[in-house]
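Just follow the structure's listing: the first ligand is 1, and inside any ligand the first atom is 1. Numbers here simply count residues along the sequence, with the first being 1.
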Amino acid sequence: MAHPQLDVILAELEHNRAEREELYKHFHQHPELSLQEFETSARIEQELKSYGVETIYRLGETGVVALIENGEGPVVAARGDIDALPMAERCDKDYAATGATQIDKNTGQETPVAHSCGHDFHITALLGATQALLNQRAAWSGTFMAVFQPAEEIAAGAQLLVEQGIVDKLPKPEVYLGQHVLSSLPGGAVGTRVGAVMSEAASIEVTLHGKGSHGSMPHLSVDPIVLGASIISRLQSVVAREIAPAETAVLTVGSFHAGTKSNIIPETAVLQLNTRAFNKEVAAHLHEAIERIIINECEAARCPQPPEFRYYDLFPLTQNEENATLRVRAAVDEYFGADSVELAPVPASEDFSIIPDAFGTPYTFWGLGGFADQVNAPGNHSPAFVPDLQPTLDRGTAALIVAAAPWLLK
Ligand code: ZN
Ligand code: ZN
């Protein structure tokens, strides 16, 4: 049996389903790139004002935070990410993205844009939950903070909101909630998990400094191609031989660039590496091993100067705090019954945890099944990743309210 006051809030979703679906379609058809979510954030602000939200903060150019203060009680924050991806969509829905191109400020390239990660659901669900809570103020008390976060896809938006002073400008939440549409869960399911849910990730650009020469005079060179090949082979031993079999780790060399012509030994080579891990110790071990192997291989090859390492696209580990997660899990179990499931760790990565970590607030991040046909469901970032409109939208909206209920209901 659900809580009667919770039922009152959730009943709001029955009254405006058509409007919420139209709003979702609007966001789906008007995707915008990371840190360029200008129309998206303007529409979010316009919607919030139309619901009667009085306190709205702008953080950075495209971050929007709504605060609903409703008397005594805990502060609960919920986050929806708002950016889309530089890619074309492949979908036969009548609300498919228009395919209009944008210039990506990050790369200078013109590109089509699509919501192929489902952030349009996250926006619309958070707006719907905010509206329902606002319309039924008598059913709860406390403060609800809706964080519409830009630039998740480039791991920049959460950090930007921290730099823009979210911790100083807004009250400290008791819990920070978030969700993501996934194809790895059955359609309509809500998947929760205590502990690590999304991996830590890093990209590392490595520049190897050799010594150039004519291809016919290799003895006068330090060949960065031979060196790079040796490094790439040796790096394969890190996960295989240094990480315990029970741990999960990935070390991929995704790019190796050197040279221009068959008879020129080049001066430099550049490698791009990507790492994933589900705990901080394993991530630290990977990075230590990478640097140790590369520095020593360069030494062994007589490099005239040491290699350079540039870390970028750094995503922290998303590790759900136990008490908050169990509280959410109990509420979700009660409301969604058999559709409340255990979430397996997802080998993708998120910047979600940066804001709660800056506040010193426990957080929990759950998955939302997006496809009735789970067997044939495309993965996130696939051009075909367009989750079923329903029940995904209703479930995502209800899940936010249900998850906040243990803190907000009287
Ligand atoms: Zn994504
Ligand atoms: Zn995403």
Side-chain angles (χ1 to χ4, degrees), residues 24 27-28 30-37 40-41 44 62-63 78-91 97 102 104 106-107 111-127 147-161 176-185 190-191 193 197-203 250 254 274 276 312-318 320 343-356 363-371 377-388 392-393 395-396 399-400:
Y24 161 76
F27 288 123
H28 188 79
H30 300 88
E32 293 179 293
L33 294 167
S34 304
L35 300 179
Q36 294 166 240
E37 309 95 336
T40 304
S41 54
I44 289 167
T62 55
R79 173 267 211 171
D81 41 6
I82 69 172
D83 54 331
L85 288 158
M87 59 187 291
E89 178 168 292
R90 196 176 65 239
C91 122
Q102 292 166 27
D104 186 339
N106 302 302
T107 62
T111 173
V113 186
H115 262 301
S116 305
C117 204
H119 298 185
D120 40 2
F121 279 97
H122 310 163
I123 303 169
T124 317
L126 186 52
L127 283 171
V147 180
F148 297 90
Q149 185 214 295
E152 185 280 326
E153 295 291 356
I154 59 169
Q159 189 58 41
L160 176 76
L161 265 50
Y176 195 84
L177 309 172
Q179 62 181 347
H180 208 298
V181 188
L182 298 170
S183 49
S184 57
L185 288 169
V190 177
R193 178 182 189 83
V197 279
M198 310 277 273
S199 66
E200 170 160 330
S203 291
V250 182
N274 188 263
R276 307 273 161 162
Y312 62 103
D313 283 0
L314 299 173
F315 288 90
L317 184 70
T318 308
N320 285 336
L343 179 67
V346 184
S349 305
E350 259 288 340
D351 70 352
F352 168 79
S353 63
I354 290 175
I355 292 173
Y363 61 79
T364 193
F365 188 77
W366 63 85
L368 184 65
F371 296 86
N380 296 66
H381 293 202
S382 153
F385 188 85
V386 185
D388 305 337
T392 315
L393 182 59
R395 280 291 158 88
L400 288 167

request  = Output the atom name for the N/O/S atom of His180 with the smallest distance to the Zn ion (ligand 2).
outcome  = NE2
ask   = Are any of the side-chain heavy atoms of Asp83 and Ile154 separated by less than 4.5 Å?
value = no
key: Short N/O/S contact of His119 with the Zn ion (ligand 1) (below 2.8 Å)   = no
Whether Phe352 and Tyr176 hold their rings parallel, tilted or perpendicular, with breakpoints at 30° and 60° = tilted
query = When you measure from the Zn ion (ligand 1) to each N, O or S atom of Glu153, which atom gives the shortest distance?
reply = OE2
key: Closest non-hydrogen atom pair, Ser349 against Ala201   = OG-CB, 3.2 Å
task = Check step by step if ring-ring contact (aromatic ring centres under 6.0 Å, His included) holds for His28 and Tyr24.
result = CA-CA 6 Å; His28 188 79; Tyr24 161 76; 5.7 Å; yes
inquiry  = Using a distance threshold of 2.8 Å, state whether an N, O or S atom of Cys117 lies below it from the Zn ion (ligand 2).
reply    = yes
